[in-house]
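Everything numeric here is computed off the predicted structure, so don't read it as measured data. Remember, it's 1-based here, ligands and their atoms both numbered in the order they're listed. Start at 1 with the first residue, then count along the sequence.
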Amino acid sequence: MKINSIRGVKDILPGEIEKWRWVETVAHEIFSRYGFKEIRPPIFENSALFARSIGETTDIVEKEMYTFTDRGGEQITLRPEGTASVVRAYIEHKMHYPPSVVKLYYIGPMFRYERPQAGRFRQFYQIGVEAMGSANPAIDAEVMAMLLEFFKDLGLSGLQLQLNSLGCQDCRPAYRETLKAAIRHHLGDLCANCNQRYERNPLRVLDCKVERDREIARGLPKTKDHLCQDCQTHFEEVQTLLRTAGTEFSLNPLLVRGLDYYTRTTFEVVSSSLGAQNAVCGGGRYDSLVEEFEGPPTPCFGFALGLERLILSLPPDKTENIGSPPDVYLVSLGVETQRESFRIVQELRASGLFVERDYEENPVSLKSQMRKANAKACRFALILGENELKSGKLVLKNMANGEQTEVLSSDLAREIQNRLGK
Ligand code: HAM
């Protein structure tokens, strides 16, 4: 019976995984420099956590969650995003004691039942960052600057940081009503989806992807013109600090995001090299979410980026040499040498060298093994034939210049390491 993988999920194979590891290594390095520490929340949680945080009327909660009842009768959901879990963990582990800004990041798979297409999967990976415990606009600017530094180190280009502010619990309700009143005049022209959204989640009408609706949306009242004084001041300061950090951005008054927990600053980074699914990263402030889950007042700012989309945008020259070739290929000739080859390979690996060998049960010719060493771009070939076995000296061949030397079996590790400058 042949079983294939499920639609919308994919294997990340050797050849590709090296890029992933490299991106993750750069993330660990840069985020640590900004004081972020890694957290690994579980992959499934109580369904109510996501429904309440992301919002009952969002696409994610209405249509995209992988939810099931477990054998104990609990409603479980495979996480569609990471922020809700981090907020739960923050409260559960009382991370607000002692009071300070808690900076966390996570890397892992998320699950959404979306229609699969290029750059959109049902299992996809995110790198997410959450800075918890400060309303200071410096946090917003610093985290976005860190993100762009990360993208720059990866060699990404053609990216645009788009910024908006969605206001807060004080100014948004009045704006929502103003927006609804304006939308009411266009209901006949808006798509069926927007007609549904209008009552329950009118802000989402602003970022409908239907071209005709986009045109209407451009004429609707924008959040940025309806912010209270505090939100206005916050938004202006975020922009000033971004300019101070030399971080380029543009304002997008139609940017509302697909999750309900956002307040004030929201942003996305879009890539010109991706097709329809061009959002590499999205995030913003969520100042009331911790309190909604019975935690103390904790203003937060964070983002998550989609690793598949990021990896698709990597420039080829940055990634073609990722993953180092083997240091040594052990060429073993004849049946008699097999056990000694095995011993030497293990000894060299134990000394820290990356060693490859041939696994044919009936040893193949020197020429064929050298071809394999070449194909793997090994730095050295180490040749052990029956003569070498008797003399205790092996032939070490530098694959780049063809130079050959005899090396005592007992000196191999040290000798190779010297030559590799290790
Ligand atoms: P989000 O915009 O839903 O935000 O997802 C963030 C990123 O995940 C997107 O920009 C995209 O790159 C990637 N992504 C989302 N869905 C898919 C998919 N089906 N296939 C491939 N990639 C996808 C969040 O998840 C928030 N939790 C971000 C956040 C953190 N806000 C504050 N803190």
Ile6, CD1 atom: more than 12 neighbouring heavy atoms under 6.0 Å =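 No - once you tally the heavy atoms of other residues, nucleotides and ligands closer than 6.0 Å, there are 12 at most.
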Using a strict 4.0 Å cut-off to heavy atoms of [X], name the atoms of ligand 1 that fall inside it.
X      : result
Leu259 : 3 (O), 4 (O)
Val280 : 10 (O), 12 (O)
Cys281 : 10 (O)
Glu81  : 25 (O), 26 (C), 27 (N)
Tyr262 : 26 (C), 28 (C), 29 (C), 31 (N), 32 (C)

Any N/O pair Gly82/ligand 1 closer than 3.5 Å =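 In this structure, Gly82 places no N or O atom under 3.5 Å from an N or O of ligand 1.
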Polar atom proximity, Pro80 to ligand 1 (N or O, under 3.5 Å) |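 The answer is no, given that Pro80 and ligand 1 share no N or O pair closer than 3.5 Å.
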To check your reading of the model: name the closest protein heavy atom to [atom], its residue, and the distance in Å.
atom                    : answer
atom 5 (O) of ligand 1  : Gln126 NE2, 3.2 Å
atom 21 (C) of ligand 1 : Gly119 O, 3.3 Å
atom 20 (N) of ligand 1 : Phe121 N, 3.0 Å
atom 12 (O) of ligand 1 : Ala279 O, 2.8 Å
atom 30 (C) of ligand 1 : Thr83 OG1, 3.0 Å
atom 18 (C) of ligand 1 : Phe124 CD2, 3.4 Å
atom 19 (N) of ligand 1 : Glu114 OE2, 2.7 Å
atom 13 (C) of ligand 1 : Gly306 CA, 3.6 Å

Which is it for [X] and ligand 1 at heavy atoms under 4.0 Å: side chain, backbone, both or neither?
X      : value
Phe301 : neither
Arg120 : both
Arg257 : side chain
Leu310 : neither

Counting heavy atoms only, which of Ala304, Ser85, Gly283 is nearest atom 6 (C) of ligand 1?
->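 Looking at heavy atoms only, Ala304 sits closest to atom 6 (C) of ligand 1.
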So between Met110, Arg112, Glu130, whose heavy atom ends up nearest atom 33 (N) of ligand 1?
->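 It is Glu130 whose heavy atom sits nearest to atom 33 (N) of ligand 1.
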For the pair Phe68 and Phe44, name the ring-plane relationship: parallel under 30°, tilted 30 to 60°, perpendicular over 60°.
->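 Taking Phe44 first and then Phe68, their aromatic rings stand perpendicular (interplane angle over 60°).
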Parallel under 30°, tilted from 30 to 60°, perpendicular over 60°: which one fits the rings of Tyr175 and His226?
->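 Judged by the thresholds at 30° and 60°, the geometry between Tyr175 and His226 is tilted.
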Does [X] have a non-hydrogen atom less than 4.0 Å from ligand 1?
X      : value
Glu268 : no
Tyr261 : yes
Ala84  : no

Hey, does Gln369 have a side-chain heavy atom less than 4.5 Å from the side chain of Leu333?
->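 Leu333 reaches Gln369 side chain to side chain.
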Taking C-beta and beyond as the side chain, do Asp260 and Ile54 meet within less than 4.5 Å on heavy atoms?
->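 Not touching, per the 4.5 Å side-chain cut-off.
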Is the backbone N or O of [Y] less than 3.5 Å from a side-chain atom of [X], with the two atoms forming a donor-acceptor pair by type?
X     : Y     : result
Ser47 : Gln75 : yes
Asp70 : Gly73 : yes
Glu18 : Gly15 : yes

Tell me, with the steps shown, if Glu211 and Arg218 meet salt bridge (Lys or Arg N to Asp or Glu O under 4.0 Å).
-> CA-CA 11 Å; Glu211 197 42 55; Arg218 280 192 270 274; 3.7 Å; yes
Quick one: do Glu38 and Lys103 make a salt bridge, cutoff under 4.0 Å?
->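 Answer for the salt bridge query: no.
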Is it true that Arg122 and Glu114 make a salt bridge, defined as a side-chain N closer than 4.0 Å to a carboxylate O?
->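 Judged by the 4.0 Å cut-off on N to carboxylate O distance, Arg122 and Glu114 do not form a salt bridge.
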For Glu130 and Tyr286, test the side chains for any donor-to-acceptor distance below 3.5 angstrom and give the result as yes or no.
->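 The answer is yes; a qualifying pair exists.
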Distance-only donor-acceptor check, side chains Tyr66 and Arg79, under 3.5 Å =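 Their side chains do not contain a donor-acceptor pair, so the 3.5 Å distance test is not met.
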Would Tyr105 and Phe31 count as a close aromatic pair, with their ring centres under 6.0 Å?
->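 Yes, the ring of Tyr105 comes within the 6.0 Å limit of the ring of Phe31, centre to centre.
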